[in-house]
Colleague: 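Got a structure for you, written out below as structure tokens; questions coming shortly.
Everything numeric in this text was worked out from a predicted model, so none of it was measured.
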Amino acid sequence: MRLPVLVLLLACNPAAPSKDEPGGTDAGDTGTLPAPEACGYTAAEDLDPADDVVEVDLRASSYAWDPGTGVPLEAGLAFDEQVPGPLLEATRGDTLRVNFTNDTDLELTIHWHGLRVSPEMDGVMQMMDPVQPGETFTYELALQDSGYYWYHPHMSGDTVLERGLYGNIIVREPGEGRADCELPLVLDDVLLDEDTWQIEPPDTDMMQLMGRLGNKLLANGRTDRRIAVTKGQTLLLRLVNSANARFWDLRLEGHTMKVVATDGGFVAEPWEVDHLLLVPGERYVVAVEATGEPGEEYRLLNARFQLHDEHESDMVEVDPMGDGENPVLSLVYGDGSVEGTPWVQPTPDVPAWDRAADAFGHQWVLQEDMMGGTVTLDGETWPDVPMVSVAGNTDTTFEVFNDSEMHHPFHIHGNRFQIVAIDGVAPTTPVGWKDTWDVAPQSTVTVVSALDNPGEWMVHCHILEHAEDGMAGLMTVEP
Ligand code: C2O
Ligand code: CU
């Protein structure tokens with residue numbers, strides 16, 4: 001029964017790695033290593049003099065950016081002609097005002113992924129008219145939570161994110177300390193034609209169903225980032241996964257990563273990992289002690305992650321990156337060493353969940369019909385998925401049951417959640433605020449929320465092809 005799927009996969013994947021590419025493994029890369037760039041970032045300019053308002057202009061337009069192949073992408077799009085778009089930085093309690101101008105020829109909205117904003121500012125089509133080409137719309141966001149967030153259009157997500165429309169947001173705790181070297185990193189992949197190095201049109205049904213995996217891995221929009229660090233520094237890597245479907249399984253050669261924050265802010269108790277799973281839409285912030293020696297270079301590596309459960313072994317999934325590990329970027333140690341500033345974990349704005357919920361909200365069921373080529377939420381596809389209605393300001397439990405053979409990263413807008421159980425068992429890592437999480441095949445993730453942000457909110461799979469295909473619904477949180 002599954003054999004046709006296997007055949008389709010092999011036949012339809014345009015980017016199955018070819019063994020005899022001219023130019024060897026570097027084909028499509030410029031070949032020469034770029035000089036290491038300084039660790040750090042520049043935030044978008046704040047146009048408002050008030051202390052508690054950050055105002056920025058943000059303009060989306062066509063922009064042929066070079067992902068590191070040496071060939072600019074003709075279909076490229078960008079915010080302010082940079083990929084990722086400008087980093088928006090503010091402090092919890094601030095208002096973030098974004099004057100968004102749409103200079104593309106597409107209708108667009110911007111969604112502020114993870115921020116608990118008001119429904120009409122959430123950038124989804126149920127709540128606002130799309131911003132038409134040539135128009136400007138001002139988003140006004142009251143920042144309730146510190147954390148690491150990101151922004152992206154919420155229309156045609158499967159194509160416009162691929163083309164470059166995404167950026168990140170840092171909301172700091174008042175008085176939050178700085179690491180010696182802070183590196184916000186948006187991890188993405190793109191699927192490029194290996195002759196032209198242009199974006200492949202995502203036009204196959206199978207790619208829609210499987211999620212589109214790229215054949216180039218991008219850190220902040222480039223295949224070839226090298227970051228200068230110094231022995232002794234404390235590094236803070238802020239990671240967001242903006243890829244359509246890729247689950248990153250990351251490790252940093254020669255270093256241990258310590259998780260200090262989840263999607264919605266700092267955790268009470270950091271924990272060490274030797275590798276880190278980052279699913280589409282999800283964020284983690286990790287602290288790293290720079291213990292290397294001058295002249296050494298260490299790579300952030302991504303291992304292949306199988307989206308499908310292969311227990312029915314005739315199910316074959318092809319990753320255009322191949323089966324092994326691939327470099328994402330590298331840390332290059334410069335001369336000398338410094339007395340680093342030890343990382344001081346900020347006190348999280350809200351402690352971990354420690355109480356029983358008062359209500360059971362809903363169980364969402366994720367399914368897919370490989371033969372029929374559809375993914376569904378509660379047995380239907382958008383916009384036919386039944387609305388879920390729950391009482392607000394009530395501690396509420398939800399379940400997400402993945403009744404399929406493929407991982408789905410589940411995302412809920414508007415409120416924040418903590419994972420309290422996976423298949424009935426409490427997670428082993430300390431909890432933190434989440435808005436996006438993996439739901440493994442045939443497994444159930446139980447989450448709780450205080451539902452203190454009423455409104456009508458989208459819930460969907462963050463494999464962008466699945467969201468576009470209808471694995472999406474709405475939840476009304478009553479005031
Ligand atoms: Cu990042 Cu509804 O999405
Ligand atoms: Cu999905």
Side-chain angles (χ1 to χ4, degrees), residues 23-42 65-70 82-84 87 168 179-190 192 214-243 246-259 272-278 283-305 319-338 340 343:
T25 52
D26 281 333
D29 296 309
T30 45
T32 45
L33 285 180
E37 53 197 289
C39 181
Y41 64 92
T42 310
W65 50 283
D66 175 4
T69 58
Q82 46 179 293
V83 178
L87 186 147
N168 44 21
D180 300 314
C181 149
E182 281 201 27
L183 193 62
L185 282 176
V186 189
L187 303 186
D188 191 14
D189 64 356
V190 280
L192 302 181
N215 56 356
K216 291 290 173 192
L217 303 183
L218 308 180
N220 290 347
R222 297 278 305 188
T223 56
D224 54 1
R225 296 260 175 216
R226 300 171 79 232
I227 309 295
V229 299
T230 306
K231 182 181 181 180
Q233 285 181 323
T234 300
L235 321 177
L236 203 65
L237 310 182
R238 295 176 174 268
L239 303 161
V240 49
N241 181 354
S242 72
R246 179 173 298 282
F247 283 44
W248 301 79
D249 184 356
L250 300 164
R251 75 179 174 93
L252 183 56
E253 287 180 322
H255 297 74
T256 304
M257 299 182 283
K258 192 196 273 183
V259 176
E272 287 190 352
V273 292
D274 48 25
H275 72 113
L276 184 69
L277 181 67
L278 188 71
R283 288 90 62 211
Y284 280 105
V285 181
V286 299
V288 173
E289 296 307 322
T291 50
E293 295 297 330
E296 290 181 343
E297 181 154 350
Y298 294 91
R299 298 168 303 169
L300 180 66
L301 292 167
N302 181 55
R304 182 180 179 189
F305 185 88
D319 185 336
M321 294 305 300
D323 289 336
E325 283 184 310
N326 291 283
V328 181
L329 59 70
S330 54
L331 301 180
V332 183
Y333 278 85
D335 291 341
S337 64
V338 293
W343 172 250

Colleague: Show the nearest heavy-atom pair for residues Asp180 and Gly232, with the distance to one decimal.
Modeller: OD2-O, 4.3 Å
Colleague: Are Lys231 and Glu296 ion-paired here, with the side-chain N under 4.0 Å from a carboxylate O?
Modeller: no
Colleague: Between Asn220 and Val186, is there a donor-acceptor pair closer than 3.5 Å when you use the side chain of the first and the backbone of the second?
Modeller: yes
Colleague: Measure the spacing between OG1 of Thr234 and CH2 of Trp343 and express it to the nearest 0.5 Å.
Modeller: 9.0 Å
Colleague: Start with the C-alpha distance between Leu236 and Val285, add both sets of side-chain angles, then the distance that settles side chain to side chain contact (heavy atoms under 4.5 Å, CB included), and finish with yes or no.
Modeller: CA-CA 7 Å; Leu236 203 65; Val285 181; 3.7 Å; yes
Colleague: For the residue pair Leu278 and Leu187, what are the closest heavy atoms and their distance?
Modeller: CD2-CD1, 4.1 Å
Colleague: Do the side chain of Arg222 and the main chain of Asp66 share a donor and acceptor less than 3.5 angstrom apart?
Modeller: yes
Colleague: When rounded to the nearest 0.5 angstrom, what is the spacing between CD in Glu253 and CD in Glu297?
Modeller: 9.0 Å
Colleague: Rounded to the nearest 0.5 Å, what's the gap from CG on Asp224 to CG on Leu218? Could you check?
Modeller: 9.5 Å
Colleague: Between Tyr298 and His255, what is the ring plane arrangement, given parallel below 30°, perpendicular above 60°, and tilted in between?
Modeller: perpendicular
Colleague: With a 4.5 Å limit on heavy-atom distance, are the side chains of Arg238 and Glu182 in contact?
Modeller: yes
Colleague: Please step through side chain to side chain contact (heavy atoms under 4.5 Å, CB included) for the pair Asp319 and Arg246, ending with a clear verdict.
Modeller: CA-CA 9 Å; Asp319 185 336; Arg246 179 173 298 282; 2.9 Å; yes
Colleague: Ion pair present between Arg251 and Glu325, side-chain N to carboxylate O less than 4.0 angstrom?
Modeller: yes
Colleague: Is Leu183 close to Leu235 at the side-chain level, that is, under 4.5 Å between some pair of heavy atoms?
Modeller: no
Colleague: What's the spacing between His275 NE2 and Leu301 CG if we round to 0.5 Å?
Modeller: 13.0 Å
Colleague: Testing Leu237, Leu87, Leu239 one by one against Pro184 for a side chain to side chain contact (heavy atoms under 4.5 Å, CB included), which residue passes?
Modeller: Leu87
Colleague: Does some side-chain heavy atom of Pro320 sit less than 4.5 Å from a side-chain heavy atom of Asp189?
Modeller: no
Colleague: Taking Ala219's backbone N and O only, do any of them form a donor-acceptor pair with Arg225's side chain (distance below 3.5 Å, no angle check)?
Modeller: yes
Colleague: For a quick test of reading the model, state the closest non-hydrogen atom pair linking Thr230 to Gly336 and the distance between them.
Modeller: CG2-O, 3.9 Å
Colleague: Pair Ile227, Glu37 - check side chain to side chain contact (heavy atoms under 4.5 Å, CB included), show working.
Modeller: CA-CA 5 Å; Ile227 309 295; Glu37 53 197 289; 3.7 Å; yes
Colleague: Measure the spacing between CH2 of Trp248 and CG of Asn326 and express it to the nearest 0.5 Å.
Modeller: 9.0 Å
Colleague: Report yes if the side chains of Met257 and Leu276 come closer than 4.5 Å at any heavy-atom pair, otherwise no.
Modeller: yes
Colleague: What pair of heavy atoms forms the shortest contact from Leu277 to Tyr284, and how long is it?
Modeller: O-CE1, 3.5 Å
Colleague: Work out which heavy atom in Cys39 is nearest to a heavy atom in Ala228; give both atom names and the distance.
Modeller: CB-O, 3.6 Å
Colleague: Compare all side-chain heavy atoms of Thr223 with those of Leu217 and state whether any distance is below 4.5 angstrom.
Modeller: no
Colleague: Are any side-chain N or O atoms of Arg226 and backbone N or O atoms of Leu33, one a donor and one an acceptor, separated by less than 3.5 Å?
Modeller: no
Colleague: Apply side chain to side chain contact (heavy atoms under 4.5 Å, CB included) to Tyr333 and Glu293, showing your working.
Modeller: CA-CA 6 Å; Tyr333 278 85; Glu293 295 297 330; over 6 Å; no
Colleague: Mind checking the CE-CG spacing from Met321 to Asn302? Nearest 0.5 Å is all I need.
Modeller: 8.0 Å
Colleague: Which pair of heavy atoms, one from Cys181 and one from Val229, lies closest together, and at what distance?
Modeller: SG-CG1, 4.4 Å
